K.L.:
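Take this structure first; my questions come after.
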Number of protein chains: 2
Amino acid sequence: MKRAAARPARVQVTVDVVIFTIRDGALHLLLVRRGIDPYRGRWAIPGGFILEGESLEQAALRELREETGVGQVYIEQLYTFGDPGRDPRGRIITVAYYALIALDRAPVHAGTDAAEARWWPVTALPKRLAFDHDRIIEHALERLRAKIEYTTVGFQLLPEEYTLSELQDVYEAVAGRPLDKRNFRRRIELLDVLIPLDQWRRAGASRPARLYRFRAGSF
Amino acid sequence: MKRAAARPARVQVTVDVVIFTIRDGALHLLLVRRGIDPYRGRWAIPGGFILEGESLEQAALRELREETGVGQVYIEQLYTFGDPGRDPRGRIITVAYYALIALDRAPVHAGTDAAEARWWPVTALPKRLAFDHDRIIEHALERLRAKIEYTTVGFQLLPEEYTLSELQDVYEAVAGRPLDKRNFRRRIELLDVLIPLDQWRRAGASRPARLYRFRAGSF
DNA sequence: TAAATAGTGTCTCTTAGACAATATTAT
DNA sequence: ATAATATTGTCTAAGAGACACTATTTA
């Protein structure tokens with residue numbers, strides 16, 4: 001609004017999504033290998049241009065579904081990256097989101113089209129990513145690690161029913177360090193968002209663990 | 001990256017800035033009255049299209065300077081608003097920032113051009129703002145109120161030198177409620193970011209107050 | 001009965017809120 | 001001396017970290 005001379009930059013807007021899940025007890029994110037220039041052959045976070053009539057979040061959800069087939073997830077806007085020169089094709093502004101996929105919904109083989117897609121542990125990502133995607137991932141990790149401390153986003157990484165040990169595994173995977181079992185359980189207890197079920201998970205030759213469910217409508 | 005059919009939306013990107021300052025002990029923000037349609041006559045937060053070769057933050061700083069003449073400020077990206085239909089002129093995506101201007105730098109009469117510009121107390125904003133600017137302001141207030149609790153952004157609203165009472169006035173203006181003087185001082189003390197000066201502010205017939213300065217490089 | 005994992009409580013330190021009296025200056 | 005604002009400390013409650021033993025099940 002206002003601005004007389006000096007023409008506006010001609011820009012394009014993409015939405016990119018850092019998609020997290022837990023695999024083998026470790027935090028992973030999804031990368032796709034680029035089949036075209038620029039950065040052909042490099043790994044990148046999924047994304048694409050927004051379509052007519054689509055909100056930013058709808059675009060992010062669409063990208064997510066195209067890559068994983070998963071629709072019902074936690075998704076949150078992260079940051080918008082728009083430095084000139086961040087994309088050699090021109091002035092491209094990227095609204096970045098991050099999403100959390102439940103343990104049991106994350107497909108083993110992601111990606112719907114020919115492009116190669118792979119889950120990578122956040123502790124061992126490929127060296128050189130496309131564009132400024134390393135920065136975007138850094139932001140996403142920072143945000144996730146911060147928010148798991150004072151919100152209940154962490155529960156979004158679990159299936160509907162889980163044991164307290166499984167929940168702790170998720171928290172440890174995100175934090176990247178072991179947590180004290182008793183302190184962790186007290187902390188979760190105080191959140192007052194878990195419903196204990198009359199079901200137990202039995203695995204191997206050990207005491208079965210009670211299953212819990214996240215209380216609907218708790219955020 | 002990827003996307004075959006379904007053409008990308010044709011979009012434009014603006015950068016809008018919620019500019020805060022303290023006036024008369026109350027938190028204020030800057031609004032400009034729109035001289036053209038859409039929303040002619042309505043109050044709006046300053047903003048405009050990004051120019052060639054300009055980063056998003058540079059665009060925000062430029063808008064800020066055009067409206068207030070102030071350059072050296074705290075500025076932070078807030079959120080990106082992009083719902084279709086939020087601007088009747090077409091698909092306009094707005095990257096919102098908020099900025100904090102020091103008490104002694106905020107010009108009384110803001111705005112460089114013909115457009116009317118005014119500082120408004122956040123507790124008494126005009127009823128109907130242009131576009132979705134009420135939502136943007138809500139986000140900005142929420143962010144500022146959250147960040148003043150666990151960062152030192154609050155200091156950015158003060159001049160170089162100030163008394164502890166003046167600092168408390170700022171915190172109270174942002175929080176919107178009175179704070180206990182002793183608890184407040186202990187909390188600031190623990191931040192360990194204030195340098196006491198050998199200067200005192202004397203005002204009227206009362207005990208002079210020591211001046212302090214924010215420790216450079218503390219963020 | 002051995003192996004494996006689940007489940008549980010206390011002490012301590014730090015943090016934050018509530019709360020009131022004295023100190024210093026100008027008039 | 002009075003008015004006005006600055007400066008200062010204690011008690012208490014809640015939250016968070018460190019820390020180890022018992023319970024239950026299957027093989």
Side-chain angles (χ1 to χ4, degrees), chain A residues 22 24-25 103 145-152 154-155 158-159 161-214, chain B residues 22 24-25 103 145-152 154-155 158-159 161-214:
Chain A
I22 304 283
D24 311 321
L103 195 46
R145 287 183 173 138
K147 286 206 100 166
I148 205 174
E149 296 294 334
Y150 66 96
T151 69
T152 54
F155 294 85
L158 286 152
E161 300 178 356
Y162 41 85
T163 69
L164 291 178
S165 294
E166 288 164 356
L167 182 63
Q168 183 172 348
D169 287 344
V170 167
Y171 272 72
E172 289 179 339
V174 172
R177 64 193 166 87
L179 302 173
D180 179 82
K181 193 199 286 200
R182 282 166 295 183
N183 292 341
F184 177 77
R185 288 181 180 218
R186 178 181 48 193
R187 169 183 165 191
I188 297 297
E189 173 82 32
L190 286 176
L191 288 178
D192 193 30
V193 294
L194 282 193
I195 299 172
L197 306 178
D198 281 332
Q199 298 173 46
W200 282 262
R201 166 120 54 229
R202 50 198 71 235
S206 74
R207 177 171 174 177
R210 185 186 278 273
L211 290 173
Y212 292 82
R213 180 190 290 273
F214 188 64
Chain B
I22 304 283
D24 310 323
L103 195 46
R145 287 184 173 138
K147 287 206 99 166
I148 205 174
E149 296 294 332
Y150 66 97
T151 69
T152 55
F155 294 85
L158 285 153
E161 302 177 356
Y162 41 85
T163 69
L164 291 179
S165 293
E166 289 164 355
L167 181 63
Q168 183 172 348
D169 288 343
V170 167
Y171 272 72
E172 289 179 338
V174 172
R177 64 192 166 89
L179 301 174
D180 178 83
K181 193 196 284 199
R182 282 164 295 182
N183 293 341
F184 176 77
R185 288 179 181 221
R186 177 180 51 192
R187 169 183 165 191
I188 297 298
E189 174 82 32
L190 286 175
L191 290 178
D192 193 30
V193 294
L194 282 193
I195 299 172
L197 305 178
D198 280 332
Q199 299 172 45
W200 282 262
R201 165 121 53 225
R202 50 197 72 235
S206 76
R207 178 171 174 179
R210 185 185 278 272
L211 290 173
Y212 292 82
R213 180 190 291 272
F214 187 63

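Each chain gets a letter, A, B and so on, in the order its sequence line appears, and its residues count up from 1. Note that the structure is a prediction, hence the values are computed from the model and not measured.
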K.L.:
Between atom CZ in B:Phe184 and atom P in D:dG9, what is the gap in whole Å?
P.N.:
18 Å

K.L.:
Give one of base, sugar-phosphate or nothing for B:Arg185, where a contact means two heavy atoms less than 4.0 Å apart.
P.N.:
base

K.L.:
Side chain of B:Arg182: nearest nucleotide among D:dA18, C:dA6, C:dA20?
P.N.:
C:dA20

K.L.:
For residues A:Leu211 and A:Trp200, determine if any side-chain heavy atom of one lies less than 4.5 Å from a side-chain heavy atom of the other.
P.N.:
no

K.L.:
Using whole Å, what does the distance between atom C1' of nucleotide D:dA6 and atom OH of B:Tyr162 come to?
P.N.:
17 Å

K.L.:
For B:Ser165, report the nucleic acid contact type (base, sugar-phosphate, nothing); a contact means any heavy atom under 4.0 Å.
P.N.:
sugar-phosphate

K.L.:
Using whole Å, report how far CG of A:Asp180 lies from P of D:dG15.
P.N.:
18 Å

K.L.:
Let me know the distance between CD1 of B:Ile188 and P of C:dT15, rounded to the nearest Å.
P.N.:
15 Å

K.L.:
Could you tell me if the side chain of B:Phe184 sits less than 4.5 Å from the side chain of B:Leu167, heavy atoms only?
P.N.:
yes

K.L.:
Quick one: A:Leu164 CG to C:dT8 C1', roughly how many Å, whole number?
P.N.:
12 Å

K.L.:
Reckon B:Arg187 touches a base, only the sugar-phosphate, or nothing at all at heavy-atom distances under 4.0 Å?
P.N.:
nothing

K.L.:
Just how far, in rounded Å, is P of D:dA14 from CZ of A:Arg186?
P.N.:
14 Å

K.L.:
Should we count CD of B:Gln199 as having more than 12 external heavy atoms under 6.0 Å?
P.N.:
yes

K.L.:
List, one per line, each side-chain donor-acceptor pair under 3.5 Å for residues 172-180 of chain A, sequence neighbours excluded.
P.N.:
from     : atom 1 : to       : atom 2 : distance (Å)
A:Glu172 : OE2    : A:Gln168 : NE2    : 3.1
A:Glu172 : OE2    : A:Leu179 : N      : 2.8
A:Asp180 : OD2    : A:Arg182 : N      : 3.1
A:Asp180 : OD2    : A:Asn183 : N      : 2.8

K.L.:
Whole angstroms only, please: what is the CG-C1' distance between A:Leu167 and C:dG7?
P.N.:
15 Å

K.L.:
Mind calculating the distance between CG (B:Leu179) and C1' (C:dA18) to the nearest angstrom?
P.N.:
14 Å

K.L.:
Counting only heavy atoms from other residues, nucleotides and ligands, does the tally under 6.0 Å from CD of B:Glu149 exceed 12?
P.N.:
yes

K.L.:
Can you give one letter per nucleotide of nucleotides 22-27 of chain C, 5' to 3': B if a protein heavy atom sits under 4.0 Å from the base, S if only from the sugar-phosphate, - if neither?
P.N.:
-BBBB-

K.L.:
Could you check which of D:dA6, D:dA18, D:dC11 has an atom nearest any side-chain atom of A:Asn183?
P.N.:
D:dA18

K.L.:
Quick check for you: among C:dA6, D:dT7, D:dG9, whose closest atom lies nearest to any side-chain atom of A:Ala209?
P.N.:
C:dA6

K.L.:
What closest approach, in Å, do A:Arg213 and A:Glu161 show between heavy atoms, and which atom pair accounts for it?
P.N.:
NH2-OE2, 2.8 Å

K.L.:
Fit a plane to each ring of B:Phe155 and B:Tyr171, take the angle between them on a 0 to 90° scale, and name the class: parallel (under 30°), tilted (30 to 60°) or perpendicular (over 60°).
P.N.:
perpendicular

